[in-house]
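The model shown is predicted, which means the values in this text are computed figures rather than measured ones.
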Amino acid sequence: MTFATHMEAALAEARTAGRRDEVPVGAVVVSPRGAVIAAAGNRTRELNDPTAHAEMLAIRAACAALGVERLVDHDLYVTLEPCPMCAAAISAARIRRLYYGAADPKSGGVAQGARVFSHPQCHHRPEVYDGIAAEEAEALLRGFFRYKRSEG
């Protein structure tokens, strides 16, 4: 079986989020057959919702599209290491595999910080693969924050 990444779709969502003046993070949920079920970028500012992270929106959209509360056997691609809130949602949704790009030393919840999947209270632990297209994801974030600092 050949590995086919869907990170480019997540990166496209991140670029679109950045153009909306959102932190450029994108996510896609992929079916067991490899079809993109849902895609989203951050919308926290647009929706005035601190939970409107790309991962949360993509998981919600996928569940709604499929009429289910759990995404068993589905994969999630996200451009930035999920925060603890998103990691908990990934666990609750029973995502099979998590693929992410850039590490997030400040706010990450998977390999950094809270390490949600390592806790005994975590009911489901997805397979985790990091560093997928990390350089491009990091460049998007650096460029966004460089631009934001120059605005002020």
Side-chain angles (χ1 to χ4, degrees), residues 1-47 49-62 65 71 73-119 122 124-152:
M1 180 178 187
T2 304
F3 172 71
T5 183
H6 293 274
M7 191 57 80
E8 184 50 48
L11 286 164
E13 290 293 329
R15 289 189 285 272
T16 300
R19 287 191 293 274
R20 288 192 308 266
D21 201 34
E22 299 278 356
V23 175
V25 176
V28 295
V29 174
V30 178
S31 78
R33 293 180 177 237
V36 173
I37 301 299
N42 276 355
R43 292 186 176 281
T44 59
R45 292 179 178 151
E46 175 186 350
L47 300 176
D49 179 355
T51 71
H53 291 194
E55 303 95 305
M56 300 291 282
L57 296 173
I59 289 169
R60 289 175 189 156
L71 298 168
D73 294 328
H74 287 70
D75 299 336
L76 178 70
Y77 289 78
V78 61
T79 58
L80 180 65
E81 176 183 353
C83 72
M85 172 186 69
C86 293
I90 290 163
S91 177
R94 304 302 195 264
I95 294 289
R96 172 179 58 181
R97 292 185 197 109
L98 167 64
Y99 300 92
Y100 70 86
D104 189 352
K106 180 181 174 194
S107 301
V110 177
Q112 317 283 330
R115 297 182 180 164
V116 170
F117 304 137
S118 300
H119 287 268
C122 184
H124 171 76
R125 292 164 185 82
E127 293 176 36
V128 177
Y129 302 90
D130 63 353
I132 312 294
E135 297 82 16
E136 187 170 351
E138 290 166 2
L140 281 172
L141 290 160
R142 278 194 307 272
F144 176 81
F145 287 114
R146 187 178 315 114
Y147 172 77
K148 295 306 277 181
R149 284 190 298 276
S150 72
E151 276 189 331

Least distance between heavy atoms, [X] atom then [Y] atom:
{"X": "A40", "Y": "L57", "answer": "CB-CB, 3.6 Å"}
{"X": "E55", "Y": "V25", "answer": "OE1-CG1, 4.3 Å"}
{"X": "H119", "Y": "A114", "answer": "NE2-O, 2.9 Å"}
{"X": "L80", "Y": "A103", "answer": "CD1-O, 3.8 Å"}
{"X": "A9", "Y": "V28", "answer": "CB-CG1, 3.9 Å"}
{"X": "A14", "Y": "G26", "answer": "CB-N, 3.5 Å"}

Within the structure provided, determine whether [X] and [Y] are in side-chain contact (heavy-atom separation under 4.5 Å).
{"X": "S91", "Y": "R125", "answer": "no"}
{"X": "D21", "Y": "E46", "answer": "no"}
{"X": "T5", "Y": "Y99", "answer": "no"}
{"X": "D49", "Y": "T44", "answer": "no"}

If you measure from [atom1] on [X] to [atom2] on [Y], what distance do you get to the nearest 0.5 Å?
{"X": "I37", "Y": "L71", "atom1": "CD1", "atom2": "CG", "result": "9.0 Å"}
{"X": "L141", "Y": "T79", "atom1": "CG", "atom2": "OG1", "result": "6.5 Å"}
{"X": "Y77", "Y": "L98", "atom1": "OH", "atom2": "CG", "result": "10.0 Å"}
{"X": "M56", "Y": "I90", "atom1": "CE", "atom2": "CD1", "result": "9.5 Å"}

Given 3.5 Å as the limit, does a donor-acceptor pair link the side chain of [X] with the main chain of [Y], or not?
{"X": "N42", "Y": "V23", "answer": "yes"}
{"X": "H124", "Y": "I95", "answer": "yes"}
{"X": "E81", "Y": "Q112", "answer": "yes"}

(Q) Going by the rule salt bridge (charged side-chain N to carboxylate O under 4.0 Å, His left out), which residues pair with D75 if we only count those two or more places apart in sequence or in a different chain? (A)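 R96, R97.
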
Q: Report the residue from L11, I132, L76, V30 that forms a side-chain contact (heavy atoms from CB on, under 4.5 Å) with H6.
A: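 Testing H6 for a side-chain contact (heavy atoms from CB on, under 4.5 Å) against L11, I132, L76, V30 leaves exactly one candidate, V30.
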
Q) Is there any side-chain hydrogen bond (donor to acceptor under 3.5 Å, both in side chains) pair reaching into residues 7-18, and which pairs are they, with sequence neighbours excluded? A)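 Every side-chain hydrogen bond (donor to acceptor under 3.5 Å, both in side chains) pair that includes a residue of residues 7-18, provided the two are not neighbours, is E8-R15, R15-E136, T16-R19.
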
